Amino acid sequence: MPLTGRISPATRRALRLLAWRARRPLAALCAALAVVAVVEQVRPPDPPTVEVPVAARDLPAGAVLRPRDVHLQQVPPALVPHRDVPRADDVTGRPLLVAVPLGLPLVPELLADEAAVPPEGTVVVPVRFADAGVAALLRPGVLVDVVAAPVLDGDEPERLARGAVVLAPAGSGAGDASGGAADGPGAAAADRGDGLRDGSAADGPVLLAVRPDEAVSLGAAASSRVLGAVIVG
């Protein structure tokens with residue numbers, strides 16, 4: 001017996017009436033699905049993007065990047081200033097040469113060399129010395145004492161840090177917010193060939209690794225004291 005033979009005439013009439021009443025909504029639904037399918041076919045593909053590590057928050061100069069400081073974000077290739085995009089693992093553990101705002105791509109020009117990672121138990125601070133000639137002599141690995149000039153006549157100079165390790169010399173862009181770019185006015189110090197750098201490059205701050213308590217003193221004196229360096233090693 002056919003399946004429809006089991007349906008009573010009254011039920012068949014009810015089903016036909018229901019199908020008749022639903023014909024227009026069903027036609028509209030089919031038309032909408034067809035429009036969506038056509039739009040999907042003609043819609044241009046999504047623009048290409050690349051995944052770059054960006055700052056997950058505002059970071060100060062000298063901060064050593066930790067995994068929580070780095071966020072991966074998809075950005076158009078045209079907005080990436082560096083062709084070789086670093087991975088998150090490439091930037092974590094390295095100190096920043098400049099202060100970095102939230103969302104800025106962490107390109108190599110903003111980072112100190114891997115060899116500039118501060119020794120354990122120290123923190124990194126940018127220090128601008130009054131004598132650019134002395135700053136020009138400093139090289140990574142050199143040990144210096146940081147001395148603040150007396151405030152009043154008759155006062156004694158104050159030693160703010162002992163045996164600080166030079167991580168990045170003046171002119172590398174260290175801690176200078178205006179000199180972070182590779183071709184900026186304060187970057188890419190030109191070596192004159194005699195171990196000294198030109199004056200404009202040596203005017204930049206030096207990145208030092210110091211004890212945490214010394215970092216507080218240096219930070220407090222940075223804007224109000226004249227600072228000098230004594231090479232001790």
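Quantities reported herein were computed from a predicted structural model and do not represent experimental measurements.
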Undergrad: Just checking Arg87: does its CZ atom have more than 12 heavy atoms from other residues, nucleotides or ligands closer to it than 6.0 angstrom?
TA: no
Undergrad: Of all the heavy-atom pairs spanning Val100 and Ala55, show the shortest one and how long it is.
TA: CG1-CB, 3.7 Å
Undergrad: Side-chain heavy atoms under 4.5 angstrom apart, residues restricted to Ile, Leu, Val, Met, Phe, Trp, Tyr: same cluster for Leu111 and Leu72?
TA: no
Undergrad: Is Val75 close to Val50 at the side-chain level, that is, under 4.5 Å between some pair of heavy atoms?
TA: yes
Undergrad: Donor-acceptor pair, distance only, cut-off 3.5 Å: does the side chain of Arg94 make one with the backbone of Val91?
TA: no
Undergrad: Would you check if the side chain of Arg225 reaches a backbone N or O of Ala149 as a donor-acceptor pair within less than 3.5 Å?
TA: yes
Undergrad: Side-chain heavy atoms nearer than 4.5 Å, only ILVMFWY residues, links allowed to pass through others: does that put Val230 and Leu207 together?
TA: yes
Undergrad: For Arg24, I'd like to know if atom CZ has over 12 heavy atoms of other residues, nucleotides or ligands within 6.0 Å.
TA: no
Undergrad: Ala88 and Pro53: which non-hydrogen atoms are nearest, and at how many Å?
TA: CA-CB, 4.3 Å
Undergrad: What is the minimum heavy-atom distance between Pro48 and Pro77, and which atoms define it?
TA: O-CD, 3.1 Å
Undergrad: Taking Val142 as the fixed residue, which of Val166, Val206, Leu208 is the one that meets the side chain to side chain contact (heavy atoms under 4.5 Å, CB included) rule?
TA: Val166
Undergrad: Considering all heavy atoms of both residues, which atom of Pro212 and which atom of Val123 are nearest to each other, and what is their separation?
TA: CA-CG2, 4.0 Å
Undergrad: Looking at every non-hydrogen atom in both residues, tell me the closest pair between Ala148 and Leu160 and how far apart they are.
TA: CB-CD1, 3.7 Å
Undergrad: Rounded to the nearest 0.5 Å, what's the gap from CZ on Arg162 to CD on Glu214? Could you check?
TA: 8.5 Å
Undergrad: Mind running side chain to side chain contact (heavy atoms under 4.5 Å, CB included) on Val232 and Val144 for me, showing each step along the way?
TA: CA-CA 5 Å; Val232 296; Val144 297; 5.5 Å; no
Undergrad: Taking atom CZ of Arg16 and atom OG1 of Thr11, what is their separation to the nearest 0.5 Å?
TA: 10.5 Å
Undergrad: Once you round to the nearest 0.5 Å, how far does CZ of Arg159 lie from OG of Ser217?
TA: 13.5 Å
Undergrad: For the atom pair CZ (Arg139) and CG (Leu137), what is the distance rounded to the nearest 0.5 Å?
TA: 7.5 Å
Undergrad: Measure across Pro101 and Ala99 and return the closest heavy-atom pair with its distance rounded to 0.1 Å.
TA: CD-O, 4.1 Å
Undergrad: How far does CG of Asp69 sit from CG of Asp58, to the nearest 0.5 angstrom?
TA: 11.0 Å
Undergrad: Let me see the working for Leu143 and Ile231 under side chain to side chain contact (heavy atoms under 4.5 Å, CB included), right down to the final yes or no.
TA: CA-CA 6 Å; Leu143 302 181; Ile231 299 176; over 6 Å; no
Undergrad: Among Leu65, Val54, Val52, which residue satisfies the side chain to side chain contact (heavy atoms under 4.5 Å, CB included) criterion with Leu106?
TA: Leu65
Undergrad: Should Leu102 and Val64 be regarded as members of a common hydrophobic cluster, given that ILVMFWY residues are connected when their side-chain heavy atoms come within less than 4.5 Å of each other, either directly or indirectly?
TA: no
Undergrad: Kindly indicate, with the supporting measurements, whether the criterion side chain to side chain contact (heavy atoms under 4.5 Å, CB included) is fulfilled by Val210 and Val146.
TA: CA-CA 10 Å; Val210 300; Val146 181; 5.7 Å; no
Undergrad: Report the distance from atom OG1 of Thr92 to atom CZ of Arg68, rounding to the nearest 0.5 Å.
TA: 13.5 Å
Undergrad: Tell me, yes or no, whether the heavy-atom count around Gln41 atom CD, taken from other residues, nucleotides or ligands under 6.0 Å, exceeds 12.
TA: no
